Amino acid sequence: MGQGSSANRTAAAVNSDHVHATVAEDVRRKRRHSDDGDADSAALENIRNTLDTPSKKRVQSTSRYIYETLFVQGKNSDVIIAALGREWNLHRVYMCQAEYFSSMFSGPWEESSKPRIAIEIIDDNITEDALDIVFGALYSEEVKLAPTTVPGVLAAATMFQLRGMVEEVSEFMLETVAPETVCAYLTTAQMYGTVEMEKRFEEWLLLHLLQAGSVALLEELSAEVLLRMLRHRDLFVLQVEMDIYTILKQWLYVQVSSGYSQEFGKLLAATESHFKRRSEVEPDHCAFLDTDEGREYVDIFKALRFPHIAGDIVSCRIIENDGIVPKSWLLDVYREQWMTALASEQTSDTGPATVTDSWFYENAMRYGRILSSDAEYCWRWVGYTFGLDMVVSYKHGRLGIRRNASKYPSTRSIHLQPEHREIVVRARAIWEEKSANNRHTVIKSTDSGRLNFYLRPDEEAVVLTLPLEDVVFPLYISVHTAFTGPSQTN
C-alpha cells in the first residue's frame with residue numbers, strides 16, 4: 001500500500017511538473033509575441049482557471065451498483081422469496097427494512113433460518129410487478145411509480161409493513177391526482193390508506209367534479225361515489241343546479257352506452273342524441289328511469305334538487321325533451337313550486353329562518369362561480385327566486401349579497417313586501433395552494449357557516465370576509481341560499 005501510494009504521488013508530481021512546464025512555455029511564447037501586460041495577465045488567469053477546474057468523470061453510483069448487482073442479479077443471496085409463481089434471490093439484511101421480514105427473521109419462526117420462503121398472496125391487487133417494485137425499493141434510493149401500479153404497490157407495501165414506502169406512494173398519489181386517476185386513488189385509499197388520504201381525494205372530487213371535463217372520470221366514477229358527492233354539503237356547483245343535471249346525464253350515457261371514444265366536447269351532443277332516439281322508439285315515450293335498465297340509476301337523479309331547476313323555463317324544456325326523468329316527478333315539482341310562489345306572493349310564507357340545518361343543507365339552492373383574480377365582480381344567477389332579486393358582489397376580499405330593488409336593472413318580478421325579507425345564506429371560498437413540501441396541491445377554504453339575514457329593499461349584507469394574505473386565485477365561490485321555508489304542498 002505504501003509503495004503504491006508513493007508511486008502515485010510521484011506520478012502526480014511528474015504530471016504536475018509537466019503541466020506547469022507547459023504552462024510556463026505557453027506564457028513565454030505569449031510574452032514573445034506580445035508586449036501587452038494585460039494580455040499576459042489574462043493568459044495566466046485562463047491557465048489558472050483550467051488548472052483549478054476539476055475533471056468530471058462519469059462513474060456508476062453506489063446505489064445503482066447495489067440495485068443491479070444484488071437485486072437484479074441476486075449475487076451472494078442468502079434467502080429466496082417465492083410468491084405468485086416467481087422467485088427473488090434476496091438478502092436478509094436488506095429485507096429486514098420491512099417490519100414483516102424483520103419479525104420473521106428475528107423471531108423463533110421456522111422461516112428465520114429457511115433458505116427459501118414461500119409467501120401466499122391473497123390480495124388480488126398485489127401483482128408480480130408490484131412485488132418487484134417493492135422488493136427492488138429495498139435496494140435503491142429511488143422508486144419507479146406510475147398511476148397504474150399504485151394500487152398494487154401500496155397493497156404490497158402495506159402487507160410488508162414498509163412505512164416509508166407507504167408514505168412515498170401516498171405522496172405520489174397526491175402529486176398525480178387528476179380526473180383520470182382520482183377514482184382509482186380514492187378506492188385505493190379506502191382499502192389501504194388512511195382516513196386523511198381518503199378525505200383528500202373526496203375533497204378533490206367535490207371541487208372538480210362539475211368542471212373536470214373528462215370522459216375518463218365519468219367512466220371510472222361509480223354510482224356509490226357519485227351519490228355520496230351529490231349529497232355532500234361541500235359539493236362545488238359551478239353556476240346552478242341545472243349544471244349538475246347536465247353532468248349526470250352525460251355520466252349516465254357513458255355508463256349505459258357500448259363505449260364512448262370521442263372527446264369530452266362532443267359528449268353532450270352524443271348524450272342528447274342517444275336519449276332522444278331512445279325516447280322516440282320507447283312505447284308510450286316511457287322515461288328512461290322508469291325502464292328496467294334505468295331503475296338502478298333512480299337514486300342518482302333523486303339527489304337533484306328539481307325545485308331549483310324548475311325555476312328556469314329553458315331547463316324545464318331540456319329535461320322534458322331528454323326523456324330521462326319521469327314526467328310524474330316534474331309535475332310534482334311544478335305543483336310544489338306554484339304553491340310556494342303563491343305563498344311568497346301573498347306573504348303567507350313563514351320564511352326559512354326557523355328551518356333546521358339538515359333541511360337547509362338538503363334543500364337550499366346551490367350556486368357557484370370562479371373568480372380568476374382579486375378584481376371587482378357583480379353578478380346574479382339565473383332562475384326564479386320568488387320575487388327576491390339577489391345580486392352578489394365581490395370586492396377586496398368581501399363577498400356580499402344585496403336584496404336588489406332599484407339599484408340594478410332587472411328583468412325579474414321584484415317584491416317590495418315584506419319590508420324585511422328573510423334569507424338564509426352559507427358561503428364558502430375555496431382555493432388550491434402548494435403543500436409545505438411543495439410537492440402537491442392542498443385544497444383550502446373559509447366558510448361563513450349558516451347565516452340568517454333580514455334585508456330591506458336595496459340593503460346589502462357582507463356574507464364572507466377573506467384573508468387575502470392567504471388566498472390563492474383562482475377562487476371558487478360556493479353559495480347556498482334559501483328564500484322560502486319548507487314546501488307549501490303539505
Side-chain angles (χ1 to χ4, degrees), residues 199 202-203 205-207 209-210 224 226-237 240-242 244-245 298-311 329 332-368 381 383-388 390 392 399-403 415 417-430 445-456 459 461-465 476-490:
K199 178 184 175 184
E202 283 196 348
E203 285 179 343
L205 266 177
L206 289 168
L207 181 59
L209 176 59
L210 269 69
E224 178 186 359
L226 177 57
L227 186 59
R228 192 162 71 247
M229 298 299 105
L230 293 174
R231 290 173 174 173
H232 202 291
R233 66 172 58 182
D234 290 340
L235 174 66
F236 177 70
V237 177
V240 294
E241 191 79 16
M242 182 61 182
I244 306 179
Y245 170 80
V298 165
D299 287 343
I300 296 293
F301 283 83
K302 283 281 189 182
L304 284 166
R305 301 179 186 182
F306 283 101
H308 308 318
I309 297 177
W329 293 18
D332 288 343
V333 170
Y334 297 157
R335 179 173 182 269
E336 176 184 332
Q337 289 299 85
W338 174 244
M339 297 296 289
T340 303
L342 288 178
S344 175
E345 180 73 26
Q346 298 170 10
T347 67
S348 60
D349 177 40
T350 57
T354 59
V355 300
T356 63
D357 276 355
S358 61
W359 182 94
F360 175 72
Y361 287 112
E362 290 172 9
N363 295 278
M365 295 183 177
R366 299 182 284 190
Y367 301 118
W381 286 289
Y384 180 67
T385 52
F386 305 98
L388 192 148
M390 188 180 78
V392 186
L399 186 72
I401 60 169
R402 176 186 295 274
R403 179 188 172 185
H415 296 175
Q417 297 296 329
E419 181 181 358
H420 293 82
R421 187 68 181 267
E422 297 170 293
I423 306 172
V424 181
V425 180
R426 181 248 190 154
R428 290 179 72 229
I430 311 109
S445 66
T446 182
D447 195 326
S448 71
R450 172 182 159 176
L451 301 174
N452 290 40
F453 294 103
Y454 295 84
L455 297 181
R456 297 184 179 90
E459 185 177 2
V462 174
V463 180
L464 191 63
T465 302
Y476 303 85
I477 300 296
S478 176
V479 177
H480 287 62
T481 62
F483 304 124
T484 62
S487 171
Q488 301 295 312
T489 60
N490 298 326

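These figures come from a predicted structure and were not determined experimentally.
Pairing each heavy atom of Ala482 with each of Pro352, the nearest pair is O-CG, 3.3 Å. A pairwise comparison of heavy atoms in His480 and Ala364 identifies CB-CB, 4.1 Å as the closest pair. The shortest heavy-atom contact between Phe453 and Ile401 is CD1-CD1, 4.3 Å. Considering all non-hydrogen atoms of both residues, Ile430 and Phe236 come closest at CD1-CD1, 4.4 Å. Nearest heavy atoms, Gly449 versus Tyr361: C-OH, 4.4 Å.
For Asp299, there are no side-chain hydrogen bond (donor to acceptor under 3.5 Å, both in side chains) partners at least two apart in sequence or on another chain. With sequence neighbours excluded, the residues satisfying salt bridge (charged side-chain N to carboxylate O under 4.0 Å, His left out) with Arg426 are Asp234, Asp447. Scored by the side-chain hydrogen bond (donor to acceptor under 3.5 Å, both in side chains) test, Glu203 finds no partners at all (sequence neighbours excluded). With sequence neighbours excluded, the residues that form a side chain to side chain contact (heavy atoms under 4.5 Å, CB included) with Tyr384 are Ala341, Phe386, Ser413. Ala429 meets the side chain to side chain contact (heavy atoms under 4.5 Å, CB included) test with Thr446, Leu464, Leu466, Leu475, Ile477; sequence neighbours excluded. Every residue two or more places apart in sequence or in another chain that forms a side-chain hydrogen bond (donor to acceptor under 3.5 Å, both in side chains) with Arg228 is listed here: Glu202.
Here the CZ atom belonging to Phe360 is positioned 8.5 Å from the CG atom belonging to Asn452, to the nearest 0.5 angstrom. Residue Leu388 holds its CG atom at 4.5 Å from CD1 of Ile423, rounded to the nearest 0.5 Å. Rounded to the nearest 0.5 angstrom, Ile300 CD1 and Leu226 CG are separated by 4.0 Å. With rounding to the nearest 0.5 angstrom, the CD1 atom of Ile244 is 13.0 Å from the CE atom of Met229. Separation of atoms CG (Leu209) and NE2 (His232) is listed at 12.5 Å; rounding is to 0.5 Å. The CG atom of Leu455 sits 10.0 Å away from atom CZ of Arg421, with the distance rounded to the nearest 0.5 Å.
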Exercise for the section: Apply side chain to side chain contact (heavy atoms under 4.5 Å, CB included) to the pair Phe483 and Met365, showing each step before the final yes or no. Expected result: CA-CA 9 Å; Phe483 304 124; Met365 295 183 177; 3.7 Å; yes
Practice task
Before giving the answer on side chain to side chain contact (heavy atoms under 4.5 Å, CB included), spell out for Val463 and Val392 the whole-Å C-alpha distance, their side-chain angles and the decisive distance to 0.1 Å.
Solution key: CA-CA 10 Å; Val463 180; Val392 186; over 6 Å; no
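In terms of modelled atom types and a separation under 3.5 Å, the side chain of Trp381 and the main chain of Met390 share no donor-acceptor contact. With Ser448 contributing its side chain and Ala427 its backbone, the two residues share a donor-acceptor pair below 3.5 Å. Checking side-chain atoms of His308 against main-chain N and O of Asn363 turns up a donor-acceptor pair under 3.5 Å. Side chain of Arg450 to main chain of Val424: no donor-acceptor pair is present (N/O by atom type, distance under 3.5 Å, no hydrogens or angles). Side-chain atoms of Gln337 come within 3.5 Å of backbone atoms of Pro307 as a donor-acceptor pair (strictly under, hydrogens ignored).
The pair Glu459-Arg403 fails the salt-bridge criterion, with no side-chain N (NZ, NE, NH1 or NH2) lying under 4.0 Å from an Asp/Glu carboxylate O.
Ring orientation note: the planes of Phe306 and Trp329 are nearly perpendicular, at an angle over 60° on the 30°/60° scale.
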